[in-house]
Amino acid sequence: MKKPRLYSGMQPSADSLQIGNYIGALLQWRQLQTSYDAFFSVVDLHALTQPNNPEELREKTRRTAAQYIAAGIEPSQSTLYVQSHVRAHAELAWVLSTITGYGEAGRMTQFKDKSARYGTDSTSVGLFTYPVLMAADILLYQSDVVPVGDDQKQHVELTRDLAERFNKRFGEAFTVPIPVIQKDTARIYDLQNPTSKMSKSAESDAGVLWMLDDPAKSAKKIMRAVTDNEGVVRFDRENKPGVSNLLTIYAALTGRQIATIEDEYAGRGYGDFKKGLAEVVVAEFEPVRGRALELLDDPAELDRILAANAARADAVADATLADVYEKVGLLRRV
Ligand code: TYM
């Protein structure tokens with residue numbers, strides 16, 4: 001029986017992924033890749049919406065791919081590739097942009113936040129159409145499911161709307177995908193500012209746990225994480241966002257229930273709890289870091305893996321694009 005399709009991706013916007021990417025996305029990817037025909041991309045075209053040093057962007061792209069593999073994505077089983085290696089992404093994005101409303105794109109909250117932060121003159125048209133490119137990523141592969149953290153939910157909903165609109169207007173070309181969001185871990189917060197999402201582009205480094213960081217540094221950041229004055233290890237998102245975030249990370253990495261962790265630390269202080277969490281994080285990331293650095297030692301081999309996977313992606317994407325071109329009325333080149 002044919003496996004259902006899965007699609008997801010991450011931006012190569014930093015030298016390392018952060019623990020929110022790992023818990024919110026990569027853990028699900030790893031788990032789902034055996035039961036789905038999975039496509040995982042490093043979305044370098046999306047990363048162009050931020051200022052980049054060209055050499056650094058290339059390096060971050062390789063580093064992101066290496067971290068996917070190091071975290072357990074199997075490139076012989078799943079199609080792990082670089083978005084810009086498959087031309088169809090940019091081409092389908094153009095077609096989809098012609099059926100996207102200007103107001104509809106303007107309602108995307110990530111765009112609204114970013115454009116408010118930087119001002120309209122520093123906000124590019126690329127940032128505005130970013131979700132349309134994301135829709136192209138997903139729709140090219142006839143994806144059934146899209147596992148993401150909750151910050152991407154609105155973009156997947158736009159993708160569904162565009163797929164349905166296109167199918168209705170031009171005839172069935174796309175599978176309408178559903179977002180898969182792990183409720184409890186869909187949002188990991190900044191350790192210093194536990195009401196804001198942890199992000200690769202955070203202004204301060206102190207609240208971000210990087211997968212490739214020196215373990216001692218990550219342990220130190222956990223010991224310094226913002227908590228509260230109550231001194232009780234108890235989950236209460238509203239009143240104890242710092243402790244609740246640490247409990248979420250602890251539970252996600254160990255597979256244990258939050259209540260069991262609360263019991264374990266009952267009557268003990270935050271120091272003990274943080275030390276326990278630091279050990280869990282270091283034990284989880286140490287082998288991932290080692291494997292990623294090993295892969296990065298041989299960039300030619302990594303590039304070869306990415307090229308072979310891009311060829312696989314091309315075949316699927318080209319078939320969808322040809323169908324779309326036919327349906328919208330573009331003249332075929334003979
Ligand atoms: P990006 O690169 O910002 O994040 C990659 C994945 O990590 C999740 N994530 C988090 N989950 C929980 N807590 C956090 N603090 C946290 N921070 C990030 C994100 O939800 C995401 O799943 N637009 C996408 C990339 C993209 C994409 C796609 C994803 C492009 N095309 C097609 C899926 C399908 C993005 O910027 O993710």
Side-chain angles (χ1 to χ4, degrees), residues 5-14 16-30 32 36 38-50 60-61 63-65 67-68 71 73 79 81-84 86 89-90 92-93 96 108-111 113-114 126-127 129-141 143-160 162-163 177-202 207-211 241 245 248-249 252-253 313 317:
R5 280 267 163 77
L6 178 154
Y7 193 93
S8 204
M10 294 195 194
Q11 289 197 68
S13 44
S16 169
L17 297 174
Q18 41 89 3
I19 200 167
N21 303 130
Y22 185 75
I23 293 175
L26 263 172
L27 283 180
Q28 275 72 254
W29 296 8
R30 184 166 78 198
L32 296 170
Y36 286 86
F39 287 73
F40 299 115
S41 60
V42 179
V43 295
D44 53 347
L45 295 173
H46 278 109
L48 291 178
T49 58
Q50 292 161 8
K60 287 173 183 169
T61 300
R63 288 175 81 91
T64 303
Q67 288 172 90
Y68 286 6
I73 301 305
T79 305
Y81 72 102
V82 174
Q83 183 190 33
S84 66
V86 177
H89 289 255
L92 180 62
L96 293 177
M108 296 292 112
T109 53
Q110 281 210 336
F111 170 74
D113 290 350
K114 284 191 184 164
L127 194 64
T129 58
Y130 175 115
V132 180
L133 178 59
M134 178 160 160
D137 299 342
I138 297 166
L139 298 180
L140 274 175
Y141 299 91
S143 314
D144 297 289
V145 297
V146 184
V148 283
D150 82 346
D151 60 337
Q152 298 301 318
K153 185 165 179 234
Q154 197 188 25
H155 293 159
V156 182
E157 265 150 20
L158 174 72
T159 305
R160 289 172 56 83
L162 294 177
I178 48 174
V180 175
I181 295 167
Q182 226 47 291
K183 202 169 133 276
D184 300 332
T185 54
R187 188 167 286 236
I188 301 297
Y189 295 88
D190 189 284
L191 300 188
Q192 287 301 319
N193 190 3
T195 50
S196 302
K197 183 186 79 160
M198 190 184 287
S199 160
K200 292 190 230 88
S201 48
V208 184
L209 289 176
W210 302 104
M211 267 169 61
N245 188 40
T248 304
I249 297 174
L253 295 186

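Scope of the values below: all heavy atoms of this structure, side chains included, with no hydrogens, waters or symmetry mates. Both ligands and their constituent atoms are indexed starting at 1 by order of listing.
When every heavy atom of Tyr189 is checked against every heavy atom of Asn245, the shortest pair comes out as O-ND2, 2.7 Å.
Polar contact with ligand 1: present for Ile188 (N/O pair, distance under 3.5 Å). Taking distance alone, with nitrogen or oxygen atoms compared against 3.5 Å, Tyr7 stays at or beyond that limit from ligand 1. When only interatomic distances are considered, the shortest N/O to N/O separation between Thr185 and ligand 1 does not fall below 3.5 Å. For ligand 1, the polar-atom distance check against Ser8 finds no nitrogen or oxygen pair separated by under 3.5 Å. Taking only nitrogen or oxygen atoms, main chain and side chain alike, Tyr189 does not reach within less than 3.5 Å of ligand 1. In terms of polar-atom proximity, defined here as any N/O pair under 3.5 Å, Asp137 does make such a contact with ligand 1. Every N/O-N/O distance between Lys197 and ligand 1 stays at or above 3.5 Å. Of the N or O atoms in Gly9, none lie within a sub-3.5 Å distance of an N or O in ligand 1.
Other residues, nucleotides and ligands contribute over 12 non-hydrogen atoms within 6.0 Å of the NZ atom of Lys114.
Atoms of ligand 1 found under 4.0 Å from any heavy atom of Lys200 (numbered from 1 in listed order, with element): 1 (P), 2 (O), 3 (O). Taking a cut-off of under 4.0 Å to the non-hydrogen atoms of Ala186, the atoms of ligand 1 that pass are 11 (N), 12 (C), 13 (N). Short contacts between ligand 1 and Gln11, defined as distances under 4.0 Å to a heavy atom of the residue, involve ligand atoms 2 (O), 36 (O). Within ligand 1, the atoms closer than 4.0 Å to a non-hydrogen atom of Ile138 are 32 (C), 34 (C), numbered from 1 in the order shown. Of all atoms in ligand 1, numbered sequentially from 1 with element shown, those under 4.0 Å from a heavy atom of Gly149 are 11 (N), 19 (C), 20 (O), 22 (O). Less than 4.0 angstrom separates some heavy atom of Val146 from each of these atoms of ligand 1: 33 (C), 34 (C).
A donor atom on one side chain and an acceptor atom on the other are found under 3.5 Å apart for Ser84 and Asp44. Counted by atom type alone, Gln50 and Ser13 present zero donor-acceptor pairs between their side chains at under 3.5 Å.
For atom 4 (O) of ligand 1, the nearest non-hydrogen atom of the protein is Asn21 ND2, 3.4 Å.
Compare His46, Gln182, Met198, Met134 by their heavy atoms: the one nearest to atom 28 (C) of ligand 1 is in Met134. Among Thr248, Val148, Asp151, the residue whose heavy atom lies nearest to atom 20 (O) of ligand 1 is Asp151.
Residue Ser41 does not touch ligand 1, judged by heavy-atom distances below 4.0 Å. Under 4.0 Å from ligand 1, the heavy atoms of Tyr130 that appear belong solely to its side chain.
Under the side chain to side chain donor-acceptor pair (under 3.5 Å) rule, Lys197 has a single partner from Asp150, Asp151, Asp190, which is Asp151.
Between Met211 atom CE and Leu26 atom CG the span is 6.0 Å, to the nearest 0.5 Å.
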